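Inspection log for the structure reproduced underneath, given as structure tokens.
Atoms within each ligand, like the ligands themselves, are counted from 1 in listed order. A quick note: this is a predicted structure, and the numbers were derived from the prediction, not measured.
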Amino acid sequence: MSDDKAIEFRNVSRTFPVKQDNLIGEVKAVDNVSLEIHNGEFFSLLGPSGSGKTTSLRMIAGFDRPTSGQILLYGQDVSNLPPYERDVNTVFQDYALFPHMTVGENVGYGLMIKKIARSEREKRVDEMLDLVQLLGFSGRKPAQLSGGQRQRVALARALINHPKVLLLDEPLGALDLKLRQQMQIELKAIQKRVGITFIFVTHDQEEALTMSDRIAVFNQGRIEQIGSPAEIYEHPLTQFVAGFVGVSNLISGDTARRITGSDVQFSIRPEKIHLDAMDGRPDPETFSAEGKVRDVIYLGLYTRYLVDLNGGGDLVVVEQNLKTTSMDVMKAKGQNVRLSWKKEHASYLGG
Ligand code: ADP
Ligand code: MG
């Protein structure tokens, strides 16, 4: 990965006026965001609905302008440039294909606008269709394609002009789960092949973890954390990130003090916790807590245990069903157990 900065946000805010009960107020869609995205990176904006992801993307594309702050594209301040003067392209969730045009015409549209000769155009359209595995579909109309195929056409159309940055706003949202998972792998492979910076918007944490080099987690217009999937998952810095990305136990107050000796809030992932019988002594290298299994939920691949801690609080634990059957795991219900986890697996939270 080159160290070039593809995109930089410098204290970017975007407010919208809103009318409520005849009063004019404002909503801070994006609230003082600063970030840097490297050239060639697969970078995801992850967050719940309404957290400012689309507004951020639209400001990169030039469909919207910051109320304050600056956006730089490869070092150039583009805050006031119109969309067509920015070397970026966008893929939307609803594909926005031209229904009356064939696949080939849709993909070649950008080249036609640029008045590229037909022979050159056809060659490049074929290259793009090959890239998205749709060679031979050139003569079809969008209505004759599946959802996944339409998505690929939209991708080919967006990539044919070799933009420096491709913006994707929940592009897989309309696909069913299996196809979505397949497209996640494909999209990532295509990004690697073309080497273009991808900025990918999603509210799906698993999708972001699967595809991204780095992720920015958005909450209410602000960035809570930026990091690699492993950093975000293993070391969430705030309560919001711990809860939004994966499942986490949040422990604070007296319960935290009993376990760690301090009441600083921490999170611990359910799969990092070992569940053992009460015999023997706890390993001093671990944090541990004792309790009673309140509930056992068998989920095929793994089992989820809900444990009431002695002295208050509860923890969720998941264990893979490597050697256990559903009958075995059910026996745990009502048992006294010791829970333990490596100290480094606890993540201390600031926010
Ligand atoms: P996301 O893509 O993360 O779901 P958006 O960026 O679309 O979030 O929206 C962020 C916030 O800004 C939301 O509260 C949304 O209602 C508000 N918003 C977005 N666009 C407009 C607009 N054109 N006018 C008024 N409010 C808007
Ligand atoms: Mg959105």
Exercise. Is atom 16 (O) of ligand 1 close to the protein, meaning a heavy atom under 4.0 Å from it?
Worked result: no
For this session: Determine if the distance from atom 27 (C) of ligand 1 to the closest protein heavy atom is below 4.0 Å.
Result: yes
Do me a favour and list the nearest non-hydrogen protein atom to [atom] with residue, atom name and distance?
atom	answer
atom 8 (O) of ligand 1	G52 N, 3.2 Å
atom 6 (O) of ligand 1	T55 OG1, 2.6 Å
atom 14 (O) of ligand 1	V27 CG2, 3.9 Å
atom 23 (N) of ligand 1	F16 CE2, 3.5 Å
atom 3 (O) of ligand 1	K53 NZ, 2.8 Å
atom 7 (O) of ligand 1	T54 CB, 3.7 Å

Problem set entry | Non-hydrogen atom of G50 closer than 4.0 Å to ligand 1 | yes
Exercise. So is G221 close enough to ligand 1, meaning a heavy atom under 4.0 angstrom away?
Worked result: no
Ligand 1 atoms in contact with [X] (distance to a heavy atom under 4.0 Å):
X	value
S51	1 (P), 3 (O), 8 (O)
S49	4 (O)
P48	3 (O)

For this session: Of all the heavy-atom pairs spanning S44 and S212, show the shortest one and how long it is.
Result: OG-OG, 2.6 Å
Exercise. Looking at R124 and E127, does any basic side-chain N land under 4.0 Å from a carboxylate oxygen?
Worked result: no
For this session: May I ask you to say whether D276 pairs ionically with R338, meaning some side-chain N is under 4.0 Å from a carboxylate O?
Result: no
Problem set entry | Atom CD of Q220: over 12 foreign heavy atoms under 6.0 Å | no
Exercise. What about L73 and L159, same hydrophobic cluster or not, with Ile/Leu/Val/Met/Phe/Trp/Tyr joined at side-chain heavy-atom distances under 4.5 Å?
Worked result: no
Exercise. Checking side-chain hydrogen bond (donor to acceptor under 3.5 Å, both in side chains) for the pair E224/T238: CA distance, chi angles, key distance, verdict?
Worked result: CA-CA 7 Å; E224 295 255 341; T238 69; 2.6 Å; yes
Exercise. So, E207 and T202: side-chain donor and acceptor under 3.5 Å apart, yes or no?
Worked result: yes
Exercise. Got an N/O contact under 3.5 Å between A29 and ligand 1?
Worked result: no
For this session: Apply the test side chain to side chain contact (heavy atoms under 4.5 Å, CB included) to residues T324 and T303: give CA-CA distance (whole Å), side-chain angles for both, the deciding distance (0.1 Å), then the verdict.
Result: CA-CA 10 Å; T324 43; T303 298; 5.5 Å; no
Exercise. So, do Y109 and F98 have ring centers that fall under 6.0 Å from each other?
Worked result: yes
For this session: May I ask you to check if any N/O/S atom from T54 comes under 2.8 Å of the Mg ion (ligand 2)?
Result: yes
For this session: Dump the intermediate steps for side chain to side chain contact (heavy atoms under 4.5 Å, CB included) on E290 and N336, then the final yes or no.
Result: CA-CA 7 Å; E290 291 165 5; N336 290 311; over 6 Å; no
